[in-house]
Amino acid sequence: MIQLVLPDGNKMEFKEGVSLYEVAQAIGPGLAKAAVGALVDGELRDLRERVHENCAINIVTSASPQALEILRHTTSHIMAQAVRDLFPEAKLGIGPAIADGFYYDFDLSQRLSSADLGKISAEMRRIIAADLPIERLEKPKKEAEEILQERGEKLKLELVEELDMETVTFYQQGEFIDLCRGPHLPTTACVNPDAFQLTSVAGAYWRGDESRPMLQRIYGTAWEKKTDLDAYLERLTEIEARDHRKLMRQLDLVSFHEEAGVGLAYWHPKGGRMRVLIEDYWRKLHYEGGYEIVFTPHIGRAKLWETSGHLDFYRDDMYAPMDVDGQDYYIKPMNCPFHVMIYNSHTRSYRDLPLRWAELGTVYRYERSGVLHGMLRVRGFTQDDAHIICSPEQIDEEILRVLDFSLNLLRGFGFNKFKIELSVRDPKTPEKYAGEDRIWEQAEESLVKALEAKNFSYQRMEGEAVFYGPKIDIKIEDALGRMWQCTTIQFDFNIPGRFDMTYIGEDGTKQRPYMVHRALLGSLERFYALLVEHYNGAFPVWLSPLQVVVLPVSQDNIDYAQSIAQRLRAAEIRVQAWTEGGQTLNYLIRKAQMEKIPYMLVVGKREQENGNVAVRLRTEEDLGPRSLDQFIALINEKIERKELL
RNA sequence: GCCGGCGUAGCUCAGUGGUAGAGCAACGGUUUCGUAAACCGUAGGUCGGAGGUUCAACUCCUCUCGCCGGCUCCA
């Protein structure tokens, strides 16, 4: 007998080898009917699987979050079957469920286009209507290989050969059979024919490896109900409407120019104003936070990049050298070696440490053309970079500080939801990393200590550390629930040794300092794109390039409007009086709305007589008339608190 | 870089082998207006670029550049 623990803590006994479906039935027939799978010790399994030892069981019903994963996986199989029906020569790659949907990769000589998606969808509906039972078959590995060999499924064969198991599982529905771990729904009719949609076709290398053949990938999405699908599609439309590339053009913030170079951003006056505001805030916090700000050149001699090691391991991402008086100079892809130059400019004492040097350093990296993406991925960008150089004794404190500092900075921009990841070495391949074990252990310990001292929940990413040190990354969640990595805090066990950085310790001997790289916003370009999308272009007042427009009701109010603007300007409010052009008030309001200007001050006969302004917000809310001093007090408070409006 | 799609006026888009269009924006004029678009007019394009097929190419073909969706990469 084996003992299974239910989610409520109750325990039930079963004979060894009981199927999960039988377990569900034993708990309740209603549950068994609604069941689509089960979590066994947290791992998603098929109901037809059997359990042989004590474990925790959680039956997954269509109401469970995991149900969608199963549904999508099954939908991807139905799609694969449909593709095979239409293109019998298609070879199967892999077809997993992913966030919001699924995909399946095919090796198929005929080029699929989006026009084929309709045909494939129709075939899928036919398969769903046929209500084919989905069977789970366990096969010895050898037999599995024979089946795949016979069917010419060379990709699947490769997968099964790598599996370290005695038996593997297949799933079969009608004629279609596929090597698959599962789980799957009981029949094809469990998929709602109105709640899935094939979304796109794309190329994808087999197993993500560029040296391998390129397969054709079909993406799709699937939901329990049509209303869920519709809501999802609506969300995609919303994301598209908020695309920073579109908003930046509409709001006249940033442009790109084919004739002037790819992946290089041009900040227009309004975008530039915002960048200055971002940078000013950044500088203020950095000085308050004990940083010093440094400036370094844009190019450096080849020798420097040889010493740093960049020419060995980062060359592909660097631009070709330029000849300066017979010497090779490279444009910088990173700022670190330059900061090291400053450090090494004279002897450092332990009394000097910690040093915290920050720079808004503009770097250029050769990104491959296919990866460029608006302002999120460019070839020239400004990092909000800093290097913390300290003694081993100071490192815990410094990590704690920088974590706090980063979250505080990001909160200033209105981000309040974070996800923290701790990336550490892959313990299996210690030889891949620079620096001694002892240092790695201490570094990891400092990172963990800092996270735990702050009670931050974080995810440990085994083997995700870069070769020169462990790191903490902070991802922020935007208004649409998307996660973006901004902050990275990385130990560097490579550079200090390469440049022979030292300080004189208390005992008079030379010591090697610790160096931590950190970028908090990441790159200004990327962070700015993120702000644009997060706020949908309607920025908080403190960031708005134009905070107030004064709108005269008629020509008679132009002088008054201008005097109001002048007084606001004197109060350091960014303001314009729209007094040109003889347009109607409605026209001006619409224009201001489209430009997402936070405050509109309508001034007509009534306001002029009473010395007031009528305050309208871009949310369409009308605050009514108030004195200019009252308005200035209001807006200053909003600015001070970094509120939206 | 690779796979697929798309490039027409500043912007959003129509035009599928036979004389390049609309709305908005711009410019000129009229209008002086109370909370999301007043009215009339003018101008604006080697249809991304190069080559080819054709009597004729925005339209078909080849190459190329750029953008978009993926893959890959991301110290």
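Naming: A, B, ... by sequence-line order, numbering from 1 per chain.
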Touch class at under 4.0 angstrom, heavy-atom based, for His373(A) against every strand present: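 Sugar-phosphate contact only - His373(A) comes under 4.0 Å of backbone atoms but never of a base.
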Sugar-phosphate only, base, or nothing, as touched by Ala592(A) at under 4.0 Å among non-hydrogen atoms: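 It contacts nothing in the nucleic acid.
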Under-4.0 Å side-chain N/O to phosphate OP1/OP2 contact, Tyr103(A) with G69(B):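 No, Tyr103(A) has no side-chain N/O under 4.0 Å of OP1/OP2 on G69(B).
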Under-4.0 Å side-chain N/O to phosphate OP1/OP2 contact, Ser369(A) with G1(B): yes
From the list [options], which nucleotide is the closest neighbour of the side chain of [X]?
| X | options | result |
| --- | --- | --- |
| Asn586(A) | G69(B), U35(B), G34(B) | U35(B) |
| Val602(A) | C2(B), G34(B), C11(B) | G34(B) |
| Tyr366(A) | U35(B), G1(B), G70(B) | G1(B) |
| Gln593(A) | G70(B), C67(B), A36(B) | A36(B) |
| Tyr587(A) | U35(B), A25(B), C73(B) | A25(B) |
| Val262(A) | C67(B), G34(B), C3(B) | C67(B) |
| Arg377(A) | U72(B), A38(B), C73(B) | C73(B) |

Between [N] and [M], how many Å separate the two [atom1] atoms, rounded to a whole number?
| N | M | atom1 | answer |
| --- | --- | --- | --- |
| C58(B) | U46(B) | C1' | 12 Å |
| G10(B) | G52(B) | P | 28 Å |
| U42(B) | A25(B) | C1' | 14 Å |
| C11(B) | A36(B) | P | 29 Å |
| C13(B) | G7(B) | C1' | 13 Å |
| G41(B) | G48(B) | P | 30 Å |
| U62(B) | U19(B) | C1' | 28 Å |
| C61(B) | A22(B) | P | 29 Å |

Interatomic spacing from [atom1] in [X] to [atom2] in [Y] - rounded to 0.5 Å:
| X | Y | atom1 | atom2 | result |
| --- | --- | --- | --- | --- |
| Arg368(A) | Arg379(A) | CZ | CZ | 11.0 Å |
| Thr584(A) | Leu551(A) | OG1 | CG | 10.5 Å |
| Lys154(A) | Asp107(A) | NZ | CG | 4.0 Å |

With hydrogens left out and only the distance checked, is there a donor-acceptor pair under 3.5 Å joining [X]'s side chain and the base of [N]?
| X | N | value |
| --- | --- | --- |
| Arg368(A) | U72(B) | yes |
| Tyr205(A) | G70(B) | no |
| Arg212(A) | C2(B) | no |
| Glu367(A) | G1(B) | no |

What is the distance from [atom1] of [X] to [atom2] of [N], rounded to the nearest Å?
| X | N | atom1 | atom2 | answer |
| --- | --- | --- | --- | --- |
| Gln555(A) | U30(B) | CD | C1' | 13 Å |
| Gln583(A) | U35(B) | CD | C1' | 16 Å |
| His244(A) | C68(B) | NE2 | P | 8 Å |
| Leu372(A) | C68(B) | CG | P | 8 Å |
| Arg315(A) | C74(B) | CZ | P | 18 Å |
| Gln608(A) | G34(B) | CD | P | 15 Å |
| Glu464(A) | C74(B) | CD | C1' | 12 Å |
| Glu258(A) | G49(B) | CD | C1' | 9 Å |

Glu162(A) atom CD, over 12 foreign heavy atoms within 6.0 Å: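 Correct, the count exceeds 12.
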side-chain contact (heavy atoms from CB on, under 4.5 Å) between Val340(A) and Met501(A), intermediate numbers included: CA-CA 8 Å; Val340(A) 174; Met501(A) 293 166 71; 3.8 Å; yes
Along RNA chain B (nearest heavy atom to each residue), the more 5'-positioned of Arg590(A) and Trp206(A):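 Looking at the nearest nucleotide for each, Arg590(A) comes out on the 5' side.
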Residue mapping more 5' on RNA chain B - nearest nucleotide basis, Arg245(A) or Gly309(A):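 The answer here is Arg245(A).
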Ring geometry between Phe405(A) and Tyr291(A) (parallel below 30°, tilted from 30 to 60°, perpendicular above 60°):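 Ring orientation of Tyr291(A) relative to Phe405(A): tilted.
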cation_pi(Arg217(A), Tyr103(A)) dist<6.0 Å, angle<=45: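 The answer is yes, since Arg217(A) meets both limits relative to Tyr103(A).
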